[in-house]
Participant: 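Can you keep this structure in mind? I'll have questions shortly.
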Amino acid sequence: MKVQTRVKSAIEERQSIVMIRRGLLEWSAQNPRNLPWKKTEEPYEIWVSEIILQQTRVDQGTEYYFRFLETFPSIKALAEADLDQVMKAWEGLGYYRRAFHMHETAKYLMSEHEGKFPQTHDEIIRLKGIGPYTAAAISSFAFHLPYPVLDGNVMRVISRLFCVDLPVDSSEGRSHLMQRAEQLLDHDKPGQFNQAIMDFGAMICRPRSPVCKNCPLSTYCSANQNDTVNSFPVKRKSKQKKERYFFYLKINKGNQTYIRRRSKADIWQNLYEFYLVEGRGKQSWKDVLHSTNLKIDVVTYSDIYTQALSHQKITARFAEATLHSAEELLFEQGFIKVNQKKLRTFAYPKIIDCYLGDKALNLNSSS
DNA sequence: AATGCGGGGTA
DNA sequence: TACCCAGCATT
């Protein structure tokens with residue numbers, strides 16, 4: 001038997017667009033999602049929520065959202081804070097450039113924009129850290145401007161509805177999806193519509209095991225009709241992870257420790273760390289200690305810590321040591337000396353945070 | 001157009 | 001383990 005395919009007429013096409021739009025809004029009204037940032041139209045608060053939620057699950061970001069607004073309740077408060085303080089609020093959340101850019105933008109808005117968040121899409125999208133998605137989100141949620149959001153949820157929903165087989169991580173795919181998103185958008189209530197389609201993607205049209213059985217759009221969904229929902233969205237191959245080996249020396253002098261802010265173009269920019277020697281492949285502490293000019297006595301060696309980033313696999317070892325050579329060697333390299341008690345007031349990568357946590361635990365249990 | 005940038009939940 | 005998450009900047 002021959003598989004029947006037929007091209008939809010322009011009229012049918014327009015009709016299904018209308019039905020999908022209505023279906024999304026109705027589903028949203030019947031299945032409201034109680035998210036804290038939905039309760040406000042304050043641009044600053046919406047901005048904070050949207051930056052936090054970039055590539056970050058709602059469950060993971062919610063606590064950060066409350067704490068960030070508590071610590072920095074306004075553009076002014078954020079602008080007047082130290083970078084270290086801002087990074088500390090972001091510690092553990094990842095993609096730390098987000099925090100850096102927010103801080104930069106807050107300072108810019110104070111000095112060049114009278115501390116007010118801009119109210120047009122053109123101005124908003126020019127701000128650091130704000131791209132097409134975030135600009136559309138803020139524009140529609142805070143100012144009711146008709147810009148469609150195109151995030152991971154929306155791309156998944158649309159690619160399934162219309163069987164878009166262009167890779168969603170290609171510019172061609174993105175522009176195709178954006179066209180669809182613009183067609184679908186409800187221009188009278190863009191904010192509501194954008195919320196609806198994202199919620200729908202998160203709850204019904206999920207990445208794995210979508211709930212097609214009671215999906216209100218199943219009759220309009222090409223992928224569902226063809227029983228190919230699992231082959232959308234189409235993505236390119238992901239790259240292999242690079243392995244890196246970090247040897248960290250927690251160098252002490254008395255009750256002080258030397259730490260340094262990471263400043264190179266690399267992971268964990270603007271977070272703090274100990275003296276680092278990066279090994280090439282497998283290496284031992286002996287090789288590493290031999291390669292430094294520092295006079296130190298190692299007191300303890302830690303277990304091995306590993307952390308998987310999206311693009312790198314980090315293996316880290318820590319050694320605690322006392323310093324005998326002149327401190328100047330370290331100060332010249334940008335290190336600062338911090339009292340042990342104040343150590344945790346700085347922001348660290350997760351792998352260092354874990355090490356410090358384990359160390360504190362060991363001290364407690366052995367005493 | 002490709003790549004780098006975190007951390008965690010889930011199947 | 002691999003994939004994905006309310007993406008963006010840089011080259």
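Proteins come first, then strands; the chains are lettered A, B, ... in the order of their sequence lines, and each starts at number 1. Everything quoted here is computed from the prediction, not taken from an experiment. For the numbers below, each heavy atom of this structure counts, side chains included, while hydrogens, waters and symmetry mates do not.
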Participant: Can you see if the side chain of Trp90(A) gets near the phosphate of dG7(B) - specifically, an N or O under 4.0 Å from OP1 or OP2?
Facilitator: no
Participant: Touch check for Ser238(A), heavy atoms < 4.0 angstrom, all strands: base, sugar-phosphate only, or nothing?
Facilitator: sugar-phosphate
Participant: Return no unless some side-chain N or O of His311(A) is found under 4.0 Å from OP1 or OP2 of dC5(B).
Facilitator: yes
Participant: Contact class for Gln307(A) vs. all strands (heavy atom < 4.0 Å): base, sugar-phosphate, or nothing?
Facilitator: sugar-phosphate
Participant: Regarding Asp266(A), tell me which of base, sugar-phosphate or nothing describes its non-hydrogen contacts under 4.0 Å with the strands shown.
Facilitator: sugar-phosphate
Participant: Quickly work out the Tyr64(A) OH to dG6(B) P distance and round it to whole Å.
Facilitator: 13 Å
Participant: Answer yes or no: does a side-chain N or O of Lys241(A) lie under 4.0 Å from OP1 or OP2 of dT1(C)?
Facilitator: no
Participant: Roughly how many Å is it from CG in Leu309(A) to C1' in dC3(C), rounded to a whole number?
Facilitator: 16 Å
Participant: Before we go on, tell me: are the rings of Trp90(A) and Phe68(A) under 6.0 Å apart, centre to centre?
Facilitator: yes
Participant: Taking the nucleotide of DNA chain B with the nearest heavy atom to each, does Ser170(A) or Ile267(A) sit closer to the 5' end?
Facilitator: Ser170(A)
Participant: In whole angstrom, give the distance that lies between atom CZ of Arg244(A) and atom P of dG4(B).
Facilitator: 11 Å
Participant: Could you check whether Arg206(A) gets within reach of a base, just the sugar-phosphate, or nothing at all, counting any heavy atom under 4.0 Å?
Facilitator: nothing
Participant: I'd like to know whether the aromatic ring centres of Phe318(A) and Tyr248(A) sit less than 6.0 Å apart in this structure.
Facilitator: yes
Participant: Could you tell me the separation between the CD atom of Gln312(A) and the P atom of dG7(B), rounded to a whole number of Å?
Facilitator: 11 Å
Participant: Determine the sole option in Arg174(A), Lys235(A), Met178(A), Arg180(A) for which the side chain to side chain contact (heavy atoms under 4.5 Å, CB included) test with Met155(A) is passed.
Facilitator: Arg174(A)
Participant: Please confirm whether Arg67(A) makes a cation-pi placement over Tyr64(A), using NZ or CZ under 6.0 Å from the six-membered ring centre and within 45° of the ring normal.
Facilitator: yes
Participant: Among all residues two or more places apart in sequence or in another chain, which pass the salt bridge (charged side-chain N to carboxylate O under 4.0 Å, His left out) test with Glu91(A)?
Facilitator: Lys88(A)
Participant: Quick one: label Gly92(A) by what it contacts on the DNA or RNA (base, sugar-phosphate, nothing), any heavy atom closer than 4.0 Å.
Facilitator: sugar-phosphate
Participant: Please report the shortest heavy-atom distance between Val164(A) and Ile158(A), naming the atom on each side.
Facilitator: CG2-O, 4.1 Å
Participant: Give the B/S/- string for nucleotides 4-11 of chain C, one per nucleotide from 5' to 3', where a protein heavy atom under 4.0 Å of the base yields B, of only the sugar-phosphate yields S, and otherwise -.
Facilitator: SBBBSS--
Participant: Is the distance between the ring centroids of Trp268(A) and Tyr96(A) under 6.0 Å?
Facilitator: no
